[in-house]
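First the proteins, then the strands, lettered A, B, ... as listed; each starts at 1.
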Amino acid sequence: MDEEYDVIVLGTGLKECILSGLLSVDGLKVLHMDRNDYYGGASTSLNLTQLWKRFRGDDTPAENLGSSREYNVDMIPKFMMANGALVRVLIHTNVTKYLNFKAVDGSFVYNKGKIYKVPATDVEALKSPLMGLFEKRRARKFFIYVQDYETNDPKSHEGLDLNQVTARQLISKYGLEDDTVDFIGHALALHRDDNYLDEPAKDFVDRVKIYAESLARFQGGSPYIYPLYGLGELPQAFARLSAVYGGTYMLNKPECKVEFDENGKAIGVTSEGETAKCKKIVCDPSYLSDKVQKVGKVARAICIMSHPIPDTKDSHSAQVILPQKQLGRKSDMYLFCCSYAHNVAAKGKYIAFVTTEAETDNPEVELKPGIDLLGPVDEIFYDTYDRFEPCNDHEADGCFISTSYDATTHFETTVKDVVELYSKITGKVLDLSVDLSAASAATEE
Amino acid sequence: MSGSEDEGGEEYLFKIVIIGDSAVGKSNLLSRYARNEFNMHSKATIGVEFQTQCLEIDSKEVKAQIWDTAGQERFRAVTSAYYRGAVGALIVYDISRRTTFDSVGRWLDELKTHCDTTVAMMLVGNKCDLENIRAVSIDEGKSLAEAEGLFFMETSALDSTNVKMAFEMVIREIYNNVSRKVLNSETYKAELSVNRVSLVNNGAATSKQNQTYFSCCSR
């Protein structure tokens with residue numbers, strides 16, 4: 001330390017590591033520090049010993065679960081959409097060379113007490129038991145409209161200006177039933193609540209398109225992919241990118257106190273008696289807690305099981321979305337499951353997460369509808385964490401603070417935050433128009 | 001392997017990592033081996049990724065993908081992902097700096113924490129051209145290697161002494177380990193391959209990359 005940098009990044013969460021990588025590639029001199037002795041911050045993956053230490057207060061996991069090292073339990077469980085924003089970032093930065101991915105086996109939605117495969121195309125819609133015969137015809141017309149819609153082709157708009165028409169109005173035009181709207185809005189467009197219905201339909205349609213295109217990308221059972229060895233690989237991959245372009249990494253740095261000048265502008269970071277100077281600070285909310293405000297809380301359960309989630313056709317990896325209306329809640333609940341097939345658990349073991357925006361102070365009661373779908377559980381850990389948003393003036397203080405991760409099982413909101421932060425930090429727009437067509441399912445013997 | 005199991009054209013891709021304290025010469029060892037280059041200015045590593053080298057063993061093409069730390073070891077920030085899938089490792093110290101030899105134990109601990117026990121490991125005492133300011137004797141290096149079950153070699157990336165030999169010895173040992181295991185790992189390999197996807201158009205590399213998981217079967 002005791003050097004001068006353009007940017008000091010605090011916390012090695014995924015957002016911070018992506019930014020560190022991007023800024024280093026841009027030629028900025030970056031110092032990246034974390035108070036922990038591991039990468040990932042809030043978005044890390046823990047082995048069994050770390051998991052026990054964090055949630056049980058001891059470091060002696062149950063012996064029948066296998067070796068601690070075989071586990072990589074994500075603290076922020078999310079899948080990547082195959083055509084989604086995070087894949088674009090990975091391709092844009094060429095970080096794919098450090099990672100290996102598998103298609104996620106299945107994507108499901110909860111409806112009236114049962115789990116159903118999520119249809120995403122007109123062909124699938126016709127087969128789905130989620131809808132009756134006449135509803136299928138209406139849904140098919142809707143899906144064809146969405147598939148054919150092109151922003152730059154007025155003919156495909158069929159007289160509708162999606163920047164004016166609300167999602168509710170669009171859905172009404174196709175006469176879709178409430179249950180159909182539920183699964184399209186929550187399981188395809190991945191909205192967390194029903195506020196989208198009264199907003200312009202453009203975002204809703206774009207999201208359904210991304211889902212359908214992601215599903216087609218690898219022609220698998222779902223539109224999602226997931227890295228071998230868990231999500232903790234992602235921040236590490238971007239950290240390596242930063243290091244390759246000159247970024248300096250320091251772990252296990254306690255305190256990491258941000259120093260300000262008399263005008264309230266950040267000028268450096270002090271840790272263990274040494275100060276590194278800089279022009280800008282990038283960090284997660286925990287490093288500048290007086291500059292963030294609480295905006296919500298996530299409740300979650302982490303489960304170790306010896307079987308896949310029932311009724312998911314033995315999927316080694318799966319997502320189940322429980323729309324808010326099905327549960328009588330304000331926000332959706334999410335089930336996320338991965339397993340030894342992704343090298344995140346010992347052979348024969350599965351890791352399942354139940355996550356939602358907390359509406360009570362009792363996660364065990366609140367998460368019960370999701371946990372009941374899991375079947376027998378070997379071990380379960382309950383947890384809540386607060387979500388924060390920055391409330392500082394970054395122009396004045398030179399601090400760029402990321403927003404906490406939400407409860408969704410995908411990364412679209414995560415990358416949106418990164419793109420916005422990048423623009424604020426550099427004044428430039430991040431161009432993520434990459435060629436996705438090169439991506440393909442590997443042909444295996 | 002018996003003749004009947006010899007498959008013409010089979011290819012292997014082995015990931016090898018180089019670890020050790022800053023400025024012991026890890027990057028120059030790699031650049032000397034891969035491109036026969038040496039850089040006198042020892043700044044922390046910038047721009048070095050990994051190098052791929054081809055070798056032929058028993059009529060089979062073997063590719064070694066050799067990773068450098070990109071400078072993350074300077075403040076003890078090497079990622080666990082760096083070690084992921086590695087089947088070989090060179091633990092490097094500088095014979096003219098005692099502290100780098102004293103750090104070998106810590107590097108071994110880190111390696112054993114993240115890697116399979118069958119990783120082929122070599123202890124490398126680099127900068128043997130600096131005989132006049134030697135701080136670690138050959139016997140000390142050899143004794144530590146024997147105690148830890150490692151291969152041992154002194155090298156000089158500057159004058160090329162033993163560099164090629166060191167890497168090729170590790171690669172051959174990996175090949176021997178993999179040959180013994182491959183017949184038992186078919187099922188697990190197939191399992192790991194299911195649903196694999198590639199985000200960029202390098203299908204061939206993806207297929208070869210799978211072979212680095214041969215060593216996973218003993219997890």
Side-chain angles (χ1 to χ4, degrees), chain A residues 12 32 34 37-39 66-67 69-70 82 87 90-91 94 96-105 217-218 220-221 225 228-229 232-233 235-237 239-253 316-317 340-341 343 346-347 435-445, chain B residues 15 22 43-50 52 65 67-85 110 112-117 186-213 216-219:
Chain A
T12 54
H32 202 157
D34 196 301
D37 64 353
Y38 54 82
Y39 282 90
S67 153
R69 193 180 73 205
E70 294 182 278
V87 170
L90 288 163
I91 295 175
N94 205 15
T96 56
K97 77 183 94 170
Y98 305 132
L99 299 158
N100 290 286
F101 298 93
K102 280 197 169 192
V104 172
D105 290 342
R217 173 68 56 209
F218 300 116
I225 60 176
L228 292 180
Y229 299 100
E233 299 294 286
Q236 294 185 51
R240 180 167 173 91
L241 172 71
S242 178
V244 164
Y245 280 87
T248 300
Y249 275 83
M250 299 183 181
L251 299 183
N252 218 8
K253 298 296 280 185
H316 286 126
S317 51
Y340 65 99
N343 293 16
K347 185 130 170 98
D435 180 11
L436 288 167
S437 62
S440 61
T443 304
E444 303 297 336
E445 295 308 311
Chain B
K15 176 176 173 178
S22 268
K43 287 191 175 178
T45 304
I46 291 185
V48 178
E49 280 280 30
F50 45 78
T52 303
Q65 190 183 70
W67 289 59
D68 201 349
T69 56
Q72 285 175 290
E73 81 286 6
R74 184 175 163 207
F75 297 105
R76 302 190 183 189
V78 176
T79 62
S80 56
Y82 179 70
Y83 297 98
R84 192 76 71 196
E110 189 162 301
K112 289 170 183 173
T113 296
H114 293 107
C115 285
D116 188 62
T117 52
E186 287 298 331
T187 300
Y188 196 50
K189 179 182 75 169
E191 211 162 55
L192 281 173
S193 297
V194 171
N195 278 352
R196 288 288 290 274
V197 301
S198 170
L199 297 186
V200 291
N201 207 357
N202 58 347
T206 298
S207 292
K208 294 189 177 71
Q209 186 73 37
N210 292 339
Q211 303 198 33
T212 65
Y213 292 103
C216 291
C217 63
S218 68
R219 281 173 181 254

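The aromatic rings of A:Y98 and B:W67 lie tilted to each other, with the angle between the two planes from 30° to 60°.
Scanning both residues, A:Q236 and B:T79, for their nearest heavy atoms gives OE1-CB, 2.8 Å.
A search for side chain to side chain donor-acceptor pair (under 3.5 Å) contacts involving A:Y38 returns nothing, not counting sequence neighbours. Partners of A:S67 under the side chain to side chain contact (heavy atoms under 4.5 Å, CB included) rule, at least two apart in sequence or in another chain, are A:R69, A:E70.
Annotation: side chain of B:F75 is not in contact with side chain of A:K253 (no heavy-atom distance under 4.5 Å).
Here the rule is side-chain contact (heavy atoms from CB on, under 4.5 Å) with A:Y249, and of B:R74, B:E73, B:Q72 only B:Q72 fits it.
In this structure, chain B has a heavy atom under 4.5 Å from the side chain of A:Y39, while its backbone stays farther away. Only the backbone of B:T113 comes within less than 4.5 Å of a heavy atom of chain A; no side-chain atom from C-beta onward does. For A:S242, no part lies near chain B; criterion is any non-hydrogen pair under 4.5 Å.
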